[in-house]
Structure formats: structure tokens, C-alpha cells
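Reading through the C-alpha cells given below for one structure.
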Amino acid sequence: MGSAKILNMLIKVKAFPNSKKTEIIQKSLDSFDVKVKEKPKNNEANLAIFQILAEYFHIKQSQLRLIKGGKERNKIFEIIENGK
């Protein structure tokens, strides 16, 4: 039958840039606190958040899309369907 199909889904992320360690904490089914060491300059923190979310969900970074909150602590990401 193959691997499970990931459907499009929205998740809420509260970003904590400039943290001492990188970690992701699931607060609810669709809500996460994401701590990254990178600073919120030149999009560095957002890029780190993309990377940690992709690792957490076992998907490619290209399957994540930032919907809202590019320059804010509270963000909304969409996980995009991976096809087959």
C-alpha cells in the first residue's frame, strides 16, 4: 500500500529565536513552540524554523509554507501534501 499520505494541514508556531538550544515542543495537536539559536535577522530564525519543522514532521522543507507571521513571533505554517 505504500507510505501514508500527508494531507494539507495548518499549524500554529510560536517562535523563540536566539534561544540557548534548538527544540520543538508540541503544545496541542496543531500548536508548537519552536526554539532556535538563530537571531531574528536576515530571515535566519525563520529558515531554522523551517528546518526543525521539516525534521520533526519527516518532510522536505519545500512541503512547508509560511502563511502568516514572517516577522512576528506567532506564525502559521501550512504542511503541503506530498503527492503519493
Side-chain angles (χ1 to χ4, degrees):
M1 291 266 171
S3 61
K5 190 175 184 180
I6 297 174
L7 301 176
N8 290 16
M9 161 177 153
L10 296 179
I11 59 170
K12 294 173 259 177
V13 171
K14 186 168 186 179
F16 294 89
N18 212 19
S19 295
K20 291 186 179 184
K21 62 181 180 175
T22 298
E23 68 177 328
I24 186 165
I25 301 161
Q26 187 168 2
K27 304 298 268 182
S28 69
L29 184 62
D30 66 347
S31 180
F32 300 85
D33 285 352
V34 178
K35 298 180 181 183
V36 293
K37 295 178 183 178
E38 289 73 13
K39 296 180 181 182
K41 289 186 178 180
N42 300 323
N43 216 27
E44 292 174 17
N46 282 340
L47 294 174
I49 291 168
F50 269 94
Q51 182 178 2
I52 194 171
L53 287 174
E55 290 173 11
Y56 183 86
F57 287 106
H58 305 287
I59 59 174
K60 297 175 187 174
Q61 288 185 38
S62 62
Q63 290 176 253
L64 285 167
R65 189 170 68 153
L66 180 59
I67 301 293
K68 184 177 178 185
K71 295 187 180 200
E72 301 169 14
R73 182 178 298 269
N74 294 309
K75 304 174 183 299
I76 297 177
F77 282 86
E78 180 180 25
I79 299 175
I80 300 166
E81 181 179 335
N82 69 353
K84 296 181 181 181

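FYI, side chains are in, hydrogens and waters are out, and symmetry mates aren't considered; it's all heavy atoms of this structure.
Here CD of E38 is found 9.5 Å from CD1 of I52. Values are rounded to the nearest 0.5 Å. Rounding to the nearest 0.5 Å gives a distance of 8.5 Å between NZ of K71 and CG of N43. The CZ atom of R65 lies 10.0 Å from the CZ atom of F50; values are rounded to the nearest 0.5 Å. A distance of 9.5 Å separates CG of N8 from CD1 of I79, quoted to the nearest 0.5 Å. Rounding to the nearest 0.5 Å gives a distance of 15.0 Å between NZ of K68 and CD of E78. In this structure, CD1 in I11 is found 8.5 Å from CG in D30, a value given to the nearest 0.5 Å.
A54 and K60 make their closest contact through CB-C, 4.1 Å (heavy atoms, listed as atom of the first residue, atom of the second, distance). Considering all non-hydrogen atoms of both residues, K39 and E44 come closest at O-CB, 3.5 Å. Heavy-atom minimum distance, Q26 versus Y56: OE1-OH, 2.9 Å.
Other cluster members for I67: L10, I76, joined by side-chain heavy-atom distances under 4.5 Å among Ile, Leu, Val, Met, Phe, Trp and Tyr.
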Do any side-chain atoms of residues 12-25 form donor-acceptor pairs under 3.5 angstrom with protein atoms, and if so which ones, sequence neighbours left out?
from	atom 1	to	atom 2	distance (Å)
S19	OG	F16	O	2.6

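Heavy-atom contacts from other residues, nucleotides or ligands closer than 6.0 Å to NZ of K75 number more than 12.
Scanning for side chain to side chain contact (heavy atoms under 4.5 Å, CB included) contacts around K41 gives an empty result, with sequence neighbours left out.
In terms of hydrophobic clustering, with Ile, Leu, Val, Met, Phe, Trp and Tyr side chains grouped at heavy-atom distances under 4.5 Å, L47 and L53 are assigned to different clusters.
Side-chain contact check for I49 versus L66: every heavy-atom pair is 4.5 Å or farther apart.
Separation of the F57 and F32 ring centroids falls under the 6.0 Å cut-off.
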